[in-house]
Visitor: 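For reference, the structure I am asking about is given below.
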Amino acid sequence: MKLAVEARGLRKSFVSGWFTKRKKEALKGVDLNIPEGAFWGILGPNGAGKTTLLSVISNLLTPEEGEILVLGKNLRTHGAEISKQINLSSGHANFLWSMTVRENLKYYGMLYGLAGAGLARKVEELLDQFELHDFAGVRFEELSTGTKQKLALSKCLVNDPKLLLLDEPSVGLDPHVARRVREFIQRLHQEKGTTILMTTHNMREAEILCEQIAFIKDGTIKAFGTPQDLKRSLRLGDRIHITFQGAVPLLSLEMMKGIYGLQVRDSSCQILVDDHRERLPHILDLFISQSVLIHDLSIQESSLEDVFIAFAG
Amino acid sequence: MKTFLLLLQDEITKARAFAFKNWVMTKRNVFTLFEILFWPLVSFLSVGLLAEFAGLKPDMKAFILIGVVSMSAVQVCQLDVAYALLYDVWSKATKHAFIAPVGIRHHLVGSLTVGIGRGGTVFFILMGGSFLLFDFDFTAPGWWPIALFMLGLFLSSASVGILVSILVLTLGNRAEVAAWSLVSLMLLLCGIYYPISILPEWVAVIAKLIPLTFFLEYYRSFYGFKPSFSHVLAKGYLLLALYLVIEIALMKIALKRAKRTGMLLRLSE
């Protein structure tokens with residue numbers, strides 16, 4: 001398996017203050033193996049080290065310790081070569097204020113060596129792809145937040161990167177614009193197979209988009225896996241609420257596999273299971289075999305937000 | 001050969017990107033028009049009128065007008081070199097420029113091209129103004145001396161602009177004030193309005209370390225002012241070449257340091 005990012009023991013700290021120096025460790029030995037073509041999310045509370053990690057991978061920050069290979073090349077020695085194949089988009093989109101959307105795309109295209117017909121074609125393609133044609137002649141300072149964000153995303157595709165780093169791509173966007181942005185990102189990953197590493201505070205977004213998630217806190221990766229793996233590892237599980245017709249029957253539910261807990265109250269009970277899709281059929285079979293009548297049943301899946309709270313708390 | 005041409009095209013395109021940025025920002029922002037027309041003209045007219053009022057002899061008037069015209073051209077041109085970084089800092093878009101596969105040479109060549117255009121415009125406007133308003137012929141030494149003098153001025157501007165960029169990358173955007181103050185300091189030291197021979201000895205030593213001093217002496221020599229040194233032009237260019245090499249190396253170090261300290265990211269916030 002080829003790796004897009006391979007990091008070993010990354011450490012980074014920041015020193016502030018002129019006279020009394022204060023040192024803050026942002027990364028404390030981060031290891032990371034991101035396969036080519038993967039879509040990874042990095043979640044964590046504010047100040048956890050997410051943006052620092054992305055900045056190190058994009059060569060905007062130099063780590064004090066650790067080795068990092070990006071697209072198979074050492075970032076320290078092949079930074080210029082690697083920079084041709086990666087790009088970054090920040091949530092708070094900032095570009096040259098007096099330049100129009102088209103001029104900004106042209107400028108960044110030229111920075112990646114695009115010229116002439118190739119540059120013009122790329123700019124038009126991105127304007128089309130991100131539905132920016134109506135704003136092509138509008139200055140950056142006059143754009144809405146959503147359109148600025150679209151420009152940020154289109155800019156980071158100007159060099160057809162193999163590795164794309166997205167730092168909170170939907171922050172501050174209206175829900176419908178955020179949804180469009182997510183669709184763009186998803187399509188990009190599916191159609192071009194671009195490796196994507198994304199930080200986000202939006203758990204729903206992470207759950208929809210990311211195949212794997214790394215939880216970072218205090219500069220270290222605390223957990224890693226698919227959203228389902230993470231829920232399992234914390235035994236957060238899913239909640240099945242059942243209301244019976246009459247009293248709660250005496251059943252040996254706790255003995256069943258995958259049951260984390262059982263709470264009974266009047267004529268209802270709440271069963272905590274590892275995965276309701278796997279356990280519910282068995283539970284229902286048991287009820288049917290005992291001729292138990294169910295009045296109401298509802299399922300509450302644990303969300304990535306629960307995982308986030310459990311890790312960040 | 002084909003690879004070489006492709007590499008050359010890549011280099012030119014990347015340098016053109018910075019020229020494109022500076023050009024678009026120049027034409028869209030009123031303050032840049034002020035830099036080309038308002039401040040140089042105010043400075044030129046006030047100095048020229050003062051010279052008239054003081055009843056200076058033609059050679060003294062030439063001395064002062066050469067100084068003020070040169071200074072205005074250098075100020076405008078060096079700003080463009082510094083703007084290559086400052087526009088990104090003011091837009092909080094520094095990281096987008098530095099994540100791209102570009103080098104300091106692209107910053108420098110691209111921005112200096114626009115700087116030469118803007119500085120050259122100022123130079124020729126004030127040159128015409130000198131002739132029309134103060135009866136001073138700037139072209140008297142001939143076009144070759146003018147070309148050599150202007151080249152010296154613009155390369156000096158590049159040197160000042162790079163120094164500003166180094167300071168911004170090292171100290172953060174509070175150092176942007178250097179973009180306007182460094183040239184004023186040069187005004188004091190390089191003998192813009194007076195010969196450096198009247199400066200205290202220790203200040204004159206500093207003046208002799210600034211290439212602009214030599215270029216001014218060179219051009220004034222055509223108007224009867226004997227240079228304080230021999231081979232002024234060669235010394236000016238040699239000093240300038242040395243500074244440019246040192247500054248480019250320092251800029252690389254400053255960039256590495258900015259990546260180490262996080263300054264590059266802070267300039268994007």
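Quick note on labels: first sequence line is chain A, next is B, and so on, each numbered from 1.
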Visitor: For A:Leu96 and B:Lys21, which heavy atoms make the closest approach, and how far apart are they?
Guide: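 Looks like CD1-CD, 3.5 Å.
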Visitor: Looking at every non-hydrogen atom in both residues, tell me the closest pair between B:Ile99 and A:Leu88 and how far apart they are.
Guide: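 In this case the closest contact between B:Ile99 and A:Leu88 is CD1-CB, 3.4 Å.
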Visitor: Please give me the minimum heavy-atom distance between A:Gly113 and B:Lys14, naming the atom from each residue.
Guide: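 For A:Gly113 versus B:Lys14, the nearest heavy atoms are N-CE, 4.0 Å.
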Visitor: Identify which part of A:Phe14 has an atom lying under 4.5 Å from any heavy atom of chain B, answering side chain, backbone, both or neither.
Guide: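 When you check distances to chain B, only side chain atoms of A:Phe14 fall under 4.5 Å.
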Visitor: Check each atom of B:Glu11 against the heavy atoms of chain A and say whether the ones under 4.5 Å are side chain, backbone, both or neither.
Guide: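 For B:Glu11, neither part sits under 4.5 Å from chain A.
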Visitor: Take B:Phe18 and A:Met110 through the test side-chain contact (heavy atoms from CB on, under 4.5 Å) and record every step on the way to the result.
Guide: CA-CA 9 Å; B:Phe18 288 95; A:Met110 287 164 89; over 6 Å; no
Visitor: Under 6.0 Å from the CZ atom of A:Arg76, do we count more than 12 heavy atoms belonging to anything else shown?
Guide: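 Atom CZ in A:Arg76 is packed in, count exceeds 12.
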Visitor: Using non-hydrogen atoms only, which part of A:Thr100 is less than 4.5 Å away from chain B: side chain, backbone, both, or neither?
Guide: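 It is both, since atoms from each part get that close.
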Visitor: With a 4.5 angstrom heavy-atom cut-off, could you sort out which part of B:Ala15 is near chain A: side chain, backbone, both or neither?
Guide: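 Neither part, no heavy atoms under 4.5 Å.
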Visitor: Give the ring-plane orientation class for A:Tyr108 versus B:His96, where under 30° counts as parallel, over 60° as perpendicular and anything between as tilted.
Guide: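 Perpendicular.
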Visitor: Working note: B:Val24 + A:Tyr107, criterion side-chain contact (heavy atoms from CB on, under 4.5 Å); need CA distance, chi angles, decisive distance, verdict.
Guide: CA-CA 10 Å; B:Val24 173; A:Tyr107 166 59; over 6 Å; no
Visitor: How about A:His201: does its NE2 atom have over 12 heavy atoms from other parts shown lying under 6.0 Å from it?
Guide: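 Enclosed: over 12 neighbouring heavy atoms sit under 6.0 Å from NE2 of A:His201.
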Visitor: Quick one: OH on B:Tyr87 to OG on A:Ser98, what's the gap to the nearest 0.5 Å?
Guide: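 These two atoms lie 8.0 Å from each other.
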Visitor: Would you say A:Lys122 has more than 12 foreign heavy atoms packed within less than 6.0 Å of its NZ?
Guide: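 Atom NZ in A:Lys122 is packed in, count exceeds 12.
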Visitor: Report the option among B:Lys27, B:His106, B:Arg174 that has the most heavy-atom pairs separated by less than 4.5 Å from atoms of chain A.
Guide: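 Option with the greatest count: B:Arg174.
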Visitor: Please check if atom CH2 in B:Trp39 has more than 12 non-hydrogen atoms from other residues, nucleotides or ligands closer than 6.0 Å.
Guide: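 No, not enclosed.
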Visitor: Looking at B:Phe34, I'd like to know if its CZ atom is crowded, meaning that more than 12 non-hydrogen atoms belonging to other residues, nucleotides or ligands lie closer than 6.0 Å.
Guide: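 Count not over threshold, so no.
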Visitor: Using modelled atom types and a 3.5 Å cut-off, is there a donor and acceptor pairing between side-chain atoms of B:Lys259 and backbone atoms of A:Asn59?
Guide: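 Between the backbone of A:Asn59 and the side chain of B:Lys259 there is a qualifying donor-acceptor contact (under 3.5 Å).
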Visitor: Do B:Phe20 and A:Met99 have side chains that approach each other closer than 4.5 Å (heavy atoms only, starting at C-beta)?
Guide: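 They are in contact (side-chain heavy atoms under 4.5 Å apart), so the answer is yes.
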Visitor: Give a yes or no on this: more than 12 heavy atoms of other residues, nucleotides or ligands lie within 6.0 Å of atom NZ of A:Lys28.
Guide: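 Yes, the 6.0 Å shell around NZ holds more than 12 heavy atoms from other groups.
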Visitor: Which region of A:Ser55, side chain (C-beta onward) or backbone (N, CA, C, O), has a non-hydrogen atom less than 4.5 Å from a non-hydrogen atom of chain B, or is it both or neither?
Guide: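 For A:Ser55, the side chain is the part near chain B, not the backbone.
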Visitor: Using distance alone, with no hydrogens and no angle criterion, decide if B:Lys95 and A:Ser90 have a side-chain donor and acceptor under 3.5 Å apart.
Guide: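 Looking only at side-chain atoms, A:Ser90 and B:Lys95 do form a donor-acceptor pair, the distance falling under 3.5 Å.
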Visitor: In terms of heavy-atom pairs under 4.5 Å with chain A, which of B:Ala17, B:Ala97, B:Ala258, B:Pro101 leads?
Guide: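 Option with the greatest count: B:Pro101.
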Visitor: Count the heavy atoms belonging to other residues, nucleotides or ligands that lie under 6.0 Å from CH2 of B:Trp90, then report whether that count exceeds 12.
Guide: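 Correct, the count exceeds 12.
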Visitor: Looking at A:Leu111 and B:Ala100, what are the two nearest heavy atoms and their distance?
Guide: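 Looks like CB-CB, 3.9 Å.
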Visitor: Using a strict threshold of under 4.0 Å (side-chain N to carboxylate O), is an ion pair present between B:Arg28 and A:Glu141?
Guide: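 Looking at B:Arg28 together with A:Glu141, the answer is no, because their closest N to O distance does not fall below 4.0 Å.
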Visitor: Identify the heavy atoms of A:Leu114 and B:Thr13 that sit nearest to each other, and give their distance.
Guide: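 Closest heavy-atom pair between A:Leu114 and B:Thr13: O-CG2, 3.1 Å.
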Visitor: Report the C-alpha distance between A:Tyr112 and B:Asp10 in whole Å, list the side-chain angles of each, state the deciding distance to 0.1 Å, and finish with yes or no for side-chain contact (heavy atoms from CB on, under 4.5 Å).
Guide: CA-CA 8 Å; A:Tyr112 285 88; B:Asp10 189 62; over 6 Å; no
Visitor: If we define contacts as heavy-atom pairs under 4.5 Å, which of A:Lys106, A:Glu103, A:Lys84, A:Glu81 has the most with chain B?
Guide: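 The answer is A:Glu103.
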Visitor: With chain B as the partner, which of A:Leu60, A:Asn159, A:Val15 has the greatest number of non-hydrogen pairs under 4.5 Å?
Guide: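 Result: the option with the highest number of such pairs is A:Leu60.
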Visitor: Any chance the side chains of A:Asn94 and B:Ser91 put a donor and an acceptor closer than 3.5 Å?
Guide: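 On atom types as modelled, these side chains do not qualify, holding no pair under 3.5 Å.
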Visitor: Please say whether more than 12 non-hydrogen atoms of neighbouring residues, nucleotides or ligands are located less than 6.0 Å from CZ in B:Phe31.
Guide: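 Buried by this count: over 12 neighbours within 6.0 Å.
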